[in-house]
Number of protein chains: 2
Amino acid sequence: MSFSPLIRQLIDALRILPGVGQKTAQRMALQMLERDRSGGQRLAQALARAMDEVGYCRQCRTLCEEELCPQCADPRRDDTLLCIVQSPVDVFAVEQTGFRGRYFVLKGHLSPLDGLGPEAIGIPELLGRVAEGSFSEAILATNPTVEGEATAHYIAQLLIPKGLTLSRIAHGVPLGGELDLVDGGTLAHALAGRKTITL
Amino acid sequence: MSFSPLIRQLIDALRILPGVGQKTAQRMALQMLERDRSGGQRLAQALARAMDEVGYCRQCRTLCEEELCPQCADPRRDDTLLCIVQSPVDVFAVEQTGFRGRYFVLKGHLSPLDGLGPEAIGIPELLGRVAEGSFSEAILATNPTVEGEATAHYIAQLLIPKGLTLSRIAHGVPLGGELDLVDGGTLAHALAGRKTITL
Ligand SMILES: [Zn+2]
Ligand SMILES: [Zn+2]
């Protein structure tokens, strides 16, 4: 017995954050209580609103509280170029390279062993987006892992017959890594060095 | 431009947490949104309640939403032994060693250059607590830093004339460290090896 109930609840709740263990959660809770209550209140409100109101962009399926995300709503982007990623955080990573085409965000990668097939990761929505769009090229920017490669290959087989040029990010992306942990320069290089996929 | 406004606000708000930079805040925000919205809502509520309702224990001045904290409310503790620490997190650290006396929590350490004198860190409240209590020994468990030592010395000069035995945690606490980063074994050793202070 040591912390009062509300402080204990706060410490427990902080532990849902990735990478935050008991000791870190304690420091976070006490630091906010001792030094930054208004910051803690702002965080509480930002969390409550985001958890409640953020949904998915109707067009690219990234996380977003509006009908269209900032990337889809922007009229000045290249409508012939589609970048397919497997997570909203990857949109941010690719944006940092200066890419200014459109996006489609899968819900992760194909994972047959976990029962995650094409429907589960949003392939029907991807096909719908391609059908209503005017894309000439699709860049497959799924993670450079075995599952990411398999997902890219699966999508290539669906989209090449529809007349699109398909490419895969290539040079510089380390194997077995996660896309959003790659530095911007490496990712820019990988985008520039993308290779066309043939069946 | 990349994340929608609510997600951007959440990422900014998460950065008030100690040790959380832009990249970590992004991962935290997106992971909660994608995988654990109910955990995010619980965190929002725990934060709002704690920031709003947690005050200070009337007796020991630790963070607490009740009038008395769990340590002060417990009738089975040793009322002759007072442990003086400089932060609520230190109460938790000392509790882990098995200490079962009472506490008094200062608001940090004396810092004349920052204008933090005896009133600012709660010395008058400490004297009040000692006057109304029945302590025979006070353990000075301020941090083993120059400021913590100076604060301990200042308190010793006030309390020894009141007939208390004053001791300072000693063996095993590394110089220049922070008390709550010390492992429990080292701290238990430091408590056991405390030394009486004479003027
Ligand atoms: Zn969108
Ligand atoms: Zn108390």
Side-chain angles (χ1 to χ4, degrees), chain A residues 1-7 9-20 23-24 26-34 36-54 57 62-66 69-71 74 87-89 91-92 95-96 107-108 180-181, chain B residues 1-7 9-20 23-24 26-34 36-54 57 62-66 69-71 74 87-89 91-92 95-96 107-108 180-181:
Chain A
M1 179 155 80
S2 176
F3 294 117
S4 63
L6 286 184
I7 301 179
Q9 283 162 30
L10 176 56
I11 291 169
D12 288 347
L14 283 164
R15 296 197 54 187
I16 69 147
L17 297 172
V20 174
K23 196 120 196 172
T24 305
Q26 281 173 29
R27 296 213 123 205
M28 286 175 165
L30 295 177
Q31 178 161 323
M32 277 187 284
L33 285 166
E34 290 188 274
D36 195 3
R37 298 222 182 186
S38 64
Q41 284 287 14
R42 272 198 308 282
L43 177 53
Q45 283 160 22
L47 269 168
R49 282 201 66 189
M51 296 302 128
D52 204 42
E53 296 176 34
V54 171
C57 172
T62 197
L63 288 164
C64 167
E65 69 273 14
E66 315 277 356
C69 74
Q71 288 74 42
D74 184 350
S87 154
V89 75
V91 173
F92 184 79
E95 279 292 283
Q96 303 303 94
K107 287 186 188 294
D180 83 295
L181 294 180
Chain B
M1 178 155 82
S2 177
F3 295 117
S4 63
L6 286 184
I7 301 179
Q9 283 163 29
L10 175 56
I11 292 168
D12 288 347
L14 283 164
R15 295 197 55 188
I16 69 147
L17 297 172
V20 174
K23 195 119 196 173
T24 304
Q26 281 173 27
R27 298 214 123 204
M28 287 175 166
L30 295 176
Q31 177 162 321
M32 277 187 283
L33 286 166
E34 290 188 273
D36 195 3
R37 297 224 183 185
S38 63
Q41 284 288 13
R42 273 198 308 282
L43 176 54
Q45 284 160 22
L47 269 169
R49 281 201 66 190
M51 296 302 127
D52 204 42
E53 296 176 34
V54 172
C57 172
T62 197
L63 287 164
C64 167
E65 70 273 14
E66 316 275 357
C69 74
Q71 287 74 43
D74 183 349
S87 155
V89 76
V91 173
F92 184 80
E95 279 294 284
Q96 302 305 94
K107 288 187 187 296
D180 82 295
L181 295 179

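Sequence lines set the chain letters: A, B, ... in the order given, protein chains first and strands last, and positions in each chain run from 1.
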What option among B:I11, B:L14, B:L10, B:T24 has the most heavy-atom pairs under 4.5 Å with chain A? B:L10

Please walk me through it: do B:L17 and A:M32 pass side-chain contact (heavy atoms from CB on, under 4.5 Å)? CA-CA 8 Å; B:L17 297 172; A:M32 277 187 284; 3.5 Å; yes

Chain B shares the most heavy-atom pairs under 4.5 Å, among A:G19, A:A48, A:S87, A:C69, with A:A48

Closest-packed option against chain B by number of heavy-atom pairs under 4.5 Å, given A:R49, A:E66, A:Q9: A:R49

At a 4.5 Å cut-off on heavy atoms, which part of B:Q41 comes close to chain A: side chain, backbone, both, or neither? both

With respect to chain A, which residue among B:L33, B:V89, B:D36, B:D12 yields the maximal number of heavy-atom pairs within a distance under 4.5 Å? B:L33

Please classify the contact between A:C64 and chain B as side chain, backbone, both or neither, with a heavy-atom cut-off of under 4.5 Å. both

In Å, rounded to the nearest 0.5 Å, how long is the span from CD1 of A:I16 to CE of B:M28? 9.5 Å

Minimum-distance pair of heavy atoms, taken over all atoms of A:Q71 and B:S2: NE2-CA, 2.8 Å

With side chain to side chain donor-acceptor pair (under 3.5 Å) as the criterion, how do B:E65 and A:S4 come out once you've worked through the C-alpha distance, each side chain's angles and the decisive distance to 0.1 Å? CA-CA 7 Å; B:E65 70 273 14; A:S4 63; 2.5 Å; yes

If you compare all heavy atoms of B:F3 against all heavy atoms of A:P70, which two are closest, and at what distance to 0.1 Å? O-CG, 4.0 Å

Max heavy-atom pairs within cutoff under 4.5 Å with chain A, candidates B:R15, B:E34, B:R42, B:Q96, goes to B:E34

Among B:D52, B:L63, B:V91, B:V20, which residue has the highest count of heavy-atom pairs closer than 4.5 Å to chain A? B:L63

